[in-house]
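Here is the structure we will look at, set down as structure tokens.
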2 protein chains.
Amino acid sequence: MKSNVTMRDIAEKLGVSSVTVSKALNDKDGVSDELKERIKTLAGEMGYRFNTAAKSMKEGLTYNIGVVIPERFTGPGQSFYLHIYQQISRELEQYGYYGILHILHREDEEQLNLPRIYYDRKVDGFILLGQVSKPYIELVQSMDLPKMFLDFYDEHADIDSVVTDNFYGAYELTNYLIAQGHRDIAYVGNLHSTSSIQDRFLGYYKSLLEHRLPLRNEWVLSDRDDEGVYVDMELPQPLPTAFVCNCDQVAYNLVQKLIALGYRVPEDCSVVGFDNDVYATLIVPQLTTVGVDIEQMARTAIESMMKKISHPGSRFGRVLVQGHIVYRDSVQRMERP
Amino acid sequence: MKSNVTMRDIAEKLGVSSVTVSKALNDKDGVSDELKERIKTLAGEMGYRFNTAAKSMKEGLTYNIGVVIPERFTGPGQSFYLHIYQQISRELEQYGYYGILHILHREDEEQLNLPRIYYDRKVDGFILLGQVSKPYIELVQSMDLPKMFLDFYDEHADIDSVVTDNFYGAYELTNYLIAQGHRDIAYVGNLHSTSSIQDRFLGYYKSLLEHRLPLRNEWVLSDRDDEGVYVDMELPQPLPTAFVCNCDQVAYNLVQKLIALGYRVPEDCSVVGFDNDVYATLIVPQLTTVGVDIEQMARTAIESMMKKISHPGSRFGRVLVQGHIVYRDSVQRMERP
DNA sequence: CTGAAAGCGCTTACAG
DNA sequence: CTGAAAGCGCTTACAG
């Protein structure tokens, strides 16, 4: 199965021109059905493999999409973005496209270095998966290529983005807690860390507002510093009856802490998470949380990206992908006093 | 920053030929230092970006490596291979290479379809990350490209592979248990599922042999069916004093089961895992296990792959990458009776 | 030190 | 329905 077979080799064997072979293999008009068949058969027999590089050069398309994930989201135990990348890979397949993963190193983000895939013209578009610094966002905007944000957005940046509907998810989840009789509900997350955390907080707040419950400062607990490193948080006293955590991992940590302190979950205190990732099912009680629809996010992102490539200049704005509550065992119905 | 700037554009502005520009930008001999400088500066100013596709076509190299992961290793909660992929990506960067991830779908594995990256000549080599069926291995061998196995191997296939030293790791771990006074030690894993599980078993067995302890059939417990789906296993009675599990996830499940049945770990029963992944630290007691050196594996694999690309026909055989025991809290020292 | 020519493998008009 | 010509952007001999 020697494989430097080219279209010309096939053409010569058949006594036709390489133009005809090209047309036949691409199922274009202008070749008789019979000849087309013969060409395809011979191509198969000769082990012909298409040379994408040649097509690339002609068309100016690489058929690759660059997916850039900031390093800090890729540590051990953090596989959420890698799973999104996997779905992206899948979706791209259907368009004859491939994904190229680029982990954005901390230094490169600080020193504002664009990924080398850009300078090498390796990709037709960029998906930035995970929030980066403002200056880096500006740098990204200067790139002369279709680009979009996935799983975050930035108010000031005029770039298309696909995000989970964090706001609505947290809103629904808080509504659910209230429907279960809870009135004293805390939120856990550093409001200045990412826009996801912010939006989830706002959904929580909207639910409080609608139910005329006060927002209490001492019930908004920071879980990490501004660099995203988890901190040991202090629990308010008296304890609220429920915690809305900005993600499952934090909910997981919180439940462990509560149990360590002698509380029972959910009997003494209910806890909900967000993301429906591994952490949600790795603890007893398993966590009630919001499932992010990774597949749909990837699908929407790639669909939009493909349109942006074929119709340069097309815009989509901020697309929200709805999640859904996954009911498990970490919420207790409150008896009214 | 318009970017259809080509070498010729730069050449024309400077009144030189594109050959000279090519030489200058590639730091080759045959251009005066002064001209070289001027060319590089202008290239920067004009926002020139290299067209890899053109180089590709000329050289017949794509500067991509395909990484193929069978679907069944990529479910939610399974991020080990994705993390290896991430490291591979990193390593490739240093060689000016990029990774293209291909998830091998179950159907494609069964129907023996090679990944499309192969037919599209998108890659210069393949890394098969995770065990596939024998017929698929044979199919892979028929590909006219450098290829290697990562994290598994196959006796009959004459392909280079890089694997953790599973045998030695399990051997050491079992030795450690024996040194702690254990004599009744079970192994957990389906011996017919993957070669990793087999080799770890053999390491365990070697340790038993060396210490003249009998291998007891009822103490080799299957954890999954031949398709890799976990099964609920029955515990032998009386219980051994220690379990060597073929991976952390299984150890994690086992500990949960033991606790549910009222046993204390490690007081009543010691458990060790393998891999040092998330599962190892997500349970109390945290697991003593063997840490796999992901970085070293990726480094070794890519180094070899690069040599195989530049020196077609070069062979490395089966390279073992040593892990190391991570001591935690799931092993109890036995008092001699 | 510099450049004209040829070619990598394909596709896109265009002509027959 | 079929094909000769030109070109995508670069690099590799080779000549000056």
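Note that the structure is a prediction, hence the values are computed from the model and not measured. The chains referred to below are lettered A, B, ... by the order of the sequence lines, with proteins before strands, and numbering in each begins at 1.
- C:dC8 atom C1' lies 12 Å from atom CG of A:Asn4, rounded to whole Å.
- Nearest nucleotide to the A:Ser32 side chain, out of D:dA4, C:dT2, D:dC1: D:dC1.
- Secondary structure note: stems in DNA chain D built from 3 or more consecutive Watson-Crick or G-U wobble pairs under 3.5 Å occupy C:1-3 with D:14-16, C:5-12 with D:5-12, C:14-16 with D:1-3.
- B:Asp108 is linked by a side-chain contact (heavy atoms from CB on, under 4.5 Å) to B:Leu104, B:His105, B:Asn113, counting only residues two or more places apart in sequence or in another chain.
- Taking B:Phe126 as the reference, nothing meets the ring pair (Phe, Tyr, Trp, His ring centres under 6.0 Å) condition, with sequence neighbours excluded.
- Annotation: salt bridge (charged side-chain N to carboxylate O under 4.0 Å, His left out) contacts involving residues 300-314 of chain B, sequence neighbours excluded, comprise B:Asp160-B:Lys308.
- Classification of the A:Phe50-A:Tyr48 ring pair by plane angle, with boundaries at 30° and 60°, yields perpendicular.
- For B:Asp151, the side-chain contact (heavy atoms from CB on, under 4.5 Å) partners are B:Phe80, B:Tyr81, B:Leu129, B:Thr164, B:Met297, not counting sequence neighbours.
- Both A:Met57 and B:Asp33 sit near DNA chain C, but only B:Asp33 has its closest nucleotide nearer the 5' end.
- If you take NZ of B:Lys36 and C1' of C:dT2, they are 13 Å apart, rounded to a whole angstrom.
- Residues B:Gln131 and B:Thr194 bring no donor and acceptor atom of their side chains to less than 3.5 Å of each other.
- When the side-chain nitrogen and oxygen atoms of A:Thr20 are compared with OP1 and OP2 of D:dG3, one or more of them lie within a distance under 4.0 Å.
- For the pair B:Leu61 CG and D:dG9 P, the computed distance is 21 Å after rounding to whole Å.
- For the pair B:Leu35 CG and C:dT2 C1', the interatomic distance rounds to 9 Å; values are reported in whole Å.
- By the side chain to side chain donor-acceptor pair (under 3.5 Å) test, B:Glu109 is found to be paired with B:Arg72, residues two or more places apart in sequence or in another chain being considered.
- Listed by first and then second residue, the side chain to side chain donor-acceptor pair (under 3.5 Å) pairs that reach into residues 50-61 of chain A are A:Glu59-A:Tyr63, sequence neighbours excluded.
- Taking atom CG on B:Asp29 and atom P on C:dG3, their separation rounds to 16 Å, with Å as the unit.
- Under the side chain to side chain donor-acceptor pair (under 3.5 Å) criterion, B:Ser133 pairs with no residue at all, not counting sequence neighbours.
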For nucleotides 10-14 of chain C, list the nitrogen or oxygen atoms of the protein found under 3.5 Å from its nitrogen or oxygen atoms, one pair per line.
residue: C:dC10; atom: OP1; partner: A:Tyr48; partner atom: OH; Å: 2.2
residue: C:dC10; atom: OP2; partner: A:Met7; partner atom: N; Å: 2.7
residue: C:dT11; atom: OP1; partner: A:Asn26; partner atom: ND2; Å: 3.1
residue: C:dT11; atom: OP2; partner: A:Ser22; partner atom: OG; Å: 2.3
residue: C:dT11; atom: OP2; partner: A:Asn26; partner atom: ND2; Å: 3.3
residue: C:dT12; atom: OP2; partner: A:Lys28; partner atom: NZ; Å: 3.1

